[in-house]
Amino acid sequence: MSQAGRPSSPPPLFLCLLMLSSLFGCHAWSPGSIRSTLGTPSKHTARRGSTTVAEVAGYADVAKQIIDLAVFGAAQNRSYRRLAHFTDTIGNRVSGSHSLEMAIKYMYNALAQEGLDVHLEPVKIPHWVRGKESAEMIAPRAKSLALLGLSSSVGTPPEGIEAEVLVVQSFEELKHRASEAMGRIVVFNQPFVSYGETVAYRAYGASEAAKVGAVATLIRSITPFSINSPHTGFQDYQDGVKRIPSACITVEDAELMWRMAQTGHRVVVRLTMAAETLPDADSFNTVAEIRGWQHPEQVVLLSGHLDSWDVGQGAMDDGGGVMISWEVLSLIKDLGLRPRRTLRAVLWTAEEQGGVRAQQYYDRHKVNMSNFDLVMESDLGTFAPVALQFTGSDAAQKVMAEVVKLLAPINTTELETRGEGTDISPWMQAGVPGASLHVEDSRYFWFHHSEGDTMTVQDPRDMNLCSALWAVVAYVVADLQDMLPR
């Protein structure tokens with residue numbers, strides 16, 4: 001048998017079928033029959049010529065097979081069951097932790113047991129440890145404050161920091177009141193506008209407060225909805241600026257201290273954080289493939305990130321993205337399909353620390369950038385899918401608009417501009433087409449980076465639909481005659 005799993009020379013019957021199909025403009029076999037018996041490409045992969053509307057439309061049958069298997073067939077709820085077992089077994093998986101190491105081993109073994117081509121690519125990742133932390137308001141009355149320290153934050157002295165607070169609602173207000181900030185804990189009570197805009201307070205609040213003499217920062221959690229639940233995340237100290245402790249508190253407590261300050265009360269908080277940053281740890285990106293039969297060097301990459309924060313289960317962010325990317329390979333394998341190009345699932349590590357380890361992957365593989373056909377990332381939840389988001393040339397947009405028409409059975413035929421994803425952004429910036437899932441994500445930031453990110457927020461049917469969309473798009477693009485135009 002050859003590398004593609006086919007006989008080294010086609011049998012006479014197969015040659016006759018090929019001759020007949022070319023003479024009469026039709027195919028004398030079904031996609032699955034020849035593939036399942038000989039391991040050869042489907043009728044779609046036997047075609048030649050440029051990518052056309054007709055060529056993409058020719059995948060309607062195989063797209064329906066994928067959808068039926070994922071949503072109604074034997075694979076129904078499989079991605080959900082896999083996610084539940086994974087998160088219930090491993091739990092959360094913060095960068096540098098033993099649990100992340102166990103998660104990588106878990107996924108490597110699971111993918112290998114399925115008969116996929118699996119390997120690990122070594123990377124160095126940040127190792128920040130939260131330690132014990134607490135906060136309490138001691139004036140004008142005693143109250144415990146729920147908080148979560150922010151990644152890379154320094155700790156307080158062992159005895160903690162006790163100081164009066166300065167409550168502001170914006171960076172601009174902080175500048176206007178800079179003379180009041182010296183020696184205080186700055187509390188940011190910024191309103192939630194959108195995640196992309198409001199997250200700047202979590203990312204840069206500590207450094208902005210330190211510039212005006214603050215001793216620590218407490219930042220209103222970046223969420224539109226709260227049940228007294230703090231949300232953690234990454235924060236970025238500016239070079240040359242003193243590093244001060246930084247944590248997120250709940251929406252309720254930020255608003256409480258704002259109201260107290262507005263009515264003239266002197267608010268005092270005691271903050272204790274034992275956070276520390278250890279030397280970078282050894283880790284891996286986990287890679288699993290179905291190699292292409294004709295152009296194995298060309299790649300359609302689909303991905304999610306395996307790490308999470310050290311709260312909740314990391315089911316939504318981003319266990320779901322990991323599992324639907326694995327599910328793509330399982331669905332294609334179950335149907336006996338093999339595309340022209342390689343389908344590669346990459347399970348990123350340390351995305352939550354700014355995606356730096358995906359950058360290492362890019363640096364290692366960019367020499368082969370011309371062979372990356374499409375990069376895909378699911379990192380905004382696996383709720384009910386609404387559309388595919390895509391970044392690419394006008395010509396590639398036209399091709400993808402035809403591809404999503406194949407998703408009519410699950411009513412997700414809309415193509416939106418601008419694919420997104422921390423881990424695939426270097427590729428898109430370099431001109432490689434990129435895609436992401438747009439899901440019904442109105443609840444996503446309710447649970448994001450909090451104890452609420454558990455299996456309870458996941459729905460099996462939603463994951464079936466996401467898996468079907470992800471698989472149809474990945475397979476069809478990987479199997480088209482031509483790569484997507486740049």
Side-chain angles (χ1 to χ4, degrees), residues 65-93 99-120 284-290 301-309 312-337 343-349 351 376-385 410 423 437 439 444 447 453-475:
Q65 290 177 36
I66 293 170
I67 291 168
D68 286 347
L69 178 60
V71 180
F72 308 108
Q76 184 184 54
N77 300 343
R78 180 168 60 189
S79 59
Y80 177 88
R81 292 194 301 271
R82 285 172 167 175
L83 178 61
H85 189 270
F86 171 70
T87 56
D88 290 349
T89 301
I90 303 297
N92 54 55
R93 311 164 295 281
S99 58
L100 178 57
E101 181 181 343
M102 295 303 297
I104 293 168
K105 291 179 179 178
Y106 178 107
M107 290 305 304
Y108 178 90
N109 290 334
L111 293 162
Q113 287 171 9
E114 196 174 351
L116 297 167
D117 183 357
V118 192
H119 68 274
L120 301 175
F284 302 92
N285 289 323
T286 307
V287 183
E289 297 181 335
I290 294 177
L301 182 151
L302 48 151
S303 65
H305 67 84
L306 202 53
D307 65 303
S308 72
W309 287 108
Q313 289 184 291
M316 180 191 74
D317 183 19
D318 182 33
V322 165
M323 293 303 156
I324 67 166
S325 295
W326 174 14
E327 185 67 14
V328 169
L329 303 185
S330 297
L331 292 168
I332 300 311
K333 192 171 183 292
D334 289 347
L335 289 169
L337 300 170
L343 283 175
R344 177 180 298 168
V346 181
L347 314 182
W348 311 108
T349 191
E351 185 275 345
M376 304 167 62
E377 181 174 1
S378 170
D379 188 22
L380 282 172
T382 47
F383 302 117
I410 55 173
D423 296 308
L437 271 178
V439 299
Y444 181 78
F447 312 110
D453 183 357
T454 68
M455 279 303 299
T456 302
V457 309
Q458 298 294 134
D459 179 83
R461 176 167 172 78
D462 288 350
M463 292 191 69
N464 295 338
L465 295 170
C466 288
S467 298
L469 183 156
W470 220 224
V472 169
V473 171
Y475 174 76

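Because only heavy atoms are used, hydrogens play no part in the values below, and waters and symmetry mates are left out as well, while side chains stay in. What you see is a predicted model, and the numbers here were worked out from it, not measured in a lab.
- Rounding to the nearest 0.5 angstrom, the gap separating the OH atom in Y80 from the NE2 atom in H85 is 14.0 Å.
- Under the 3.5 Å distance criterion, the side-chain polar atoms of S303 are matched with a main-chain donor or acceptor of M376.
- Using a 4.5 Å heavy-atom cutoff, the side chains of L337 and I66 are in contact.
- Taken to the nearest 0.5 Å, the CE atom of M463 stands 5.0 Å off from the CG atom of L83.
- Put simply, the side chain of R93 never gets that close to the backbone of A103: no donor and acceptor are under 3.5 Å apart.
- Within the 4.5 Å cutoff, side-chain heavy atoms of V322 are placed close to those of L306.
- No donor-acceptor pair under 3.5 Å is formed between the side chain of T382 and the backbone N or O of G321.
- Using a 4.5 Å cut-off on side-chain heavy atoms (C-beta onward), D318 and E351 make no contact.
- Checking M455, Q313, M107 one by one against F86, the side chain to side chain contact (heavy atoms under 4.5 Å, CB included) holds for a single residue, M107.
- Side-chain contact between S308 and D453 is absent, with no heavy atoms from C-beta onward closer than 4.5 Å.
- E327 places no side-chain N or O within 3.5 Å of a backbone atom of S467 that could act as its donor or acceptor partner.
- Q76 places no side-chain N or O within donor-acceptor distance of the main-chain N or O of A70, the cut-off being under 3.5 Å.
- In this structure, L111 and L347 have side chains that are in contact, with non-hydrogen atoms separated by less than 4.5 Å.
- Closest of all the heavy-atom pairs between I90 and S99 is CG2-O, 3.4 Å.
- The shortest heavy-atom contact between S378 and I324 is OG-CD1, 3.7 Å.
- Scanning both residues, P385 and D462, for their nearest heavy atoms gives CD-O, 4.2 Å.
- No more than 12 heavy atoms of other residues, nucleotides or ligands shown are found within 6.0 angstrom of CZ on R461.
- The number of heavy-atom neighbours closer than 6.0 Å to NE2 of H119, taken from other residues, nucleotides and ligands shown, is above 12.
- The neighbour count for Y106 OH, taken as heavy atoms of other residues, nucleotides or ligands under 6.0 Å away, is above 12.
- Note that NE2 of H305 and CG of D379 are 3.5 Å apart. Values are rounded to the nearest 0.5 Å.
- A distance of 4.5 Å separates CH2 of W470 from CG of L437, quoted to the nearest 0.5 Å.
- By the 4.5 Å heavy-atom criterion applied to side chains, Y444 and D317 are counted as neighbours.
- Panel note: side chain N92, backbone G312; a donor-acceptor pair is recorded below 3.5 Å.
- Of all heavy-atom pairs between F383 and M316, the closest is CZ-SD, 3.7 Å.
- Ion pairing of E114 with R82 is present here, as a side-chain N (NZ or NE/NH1/NH2) and a carboxylate O approach within less than 4.0 Å.
- The ring pair (Phe, Tyr, Trp, His ring centres under 6.0 Å) test applied to W348 returns Y361, not counting sequence neighbours.
- Rounded to the nearest 0.5 Å, atoms CG (L120) and CD1 (I104) are 7.5 Å apart.
- The shortest heavy-atom contact between N464 and N77 is OD1-N, 2.8 Å.
- W326 and S79 share no side-chain donor-acceptor pair at under 3.5 Å.
- The nearest pair of heavy atoms linking L343 to I332 is CD1-CG1, 4.0 Å.
- Atoms CD1 and CG, on I67 and L331 in that order, are 10.5 Å from each other to the nearest 0.5 Å.
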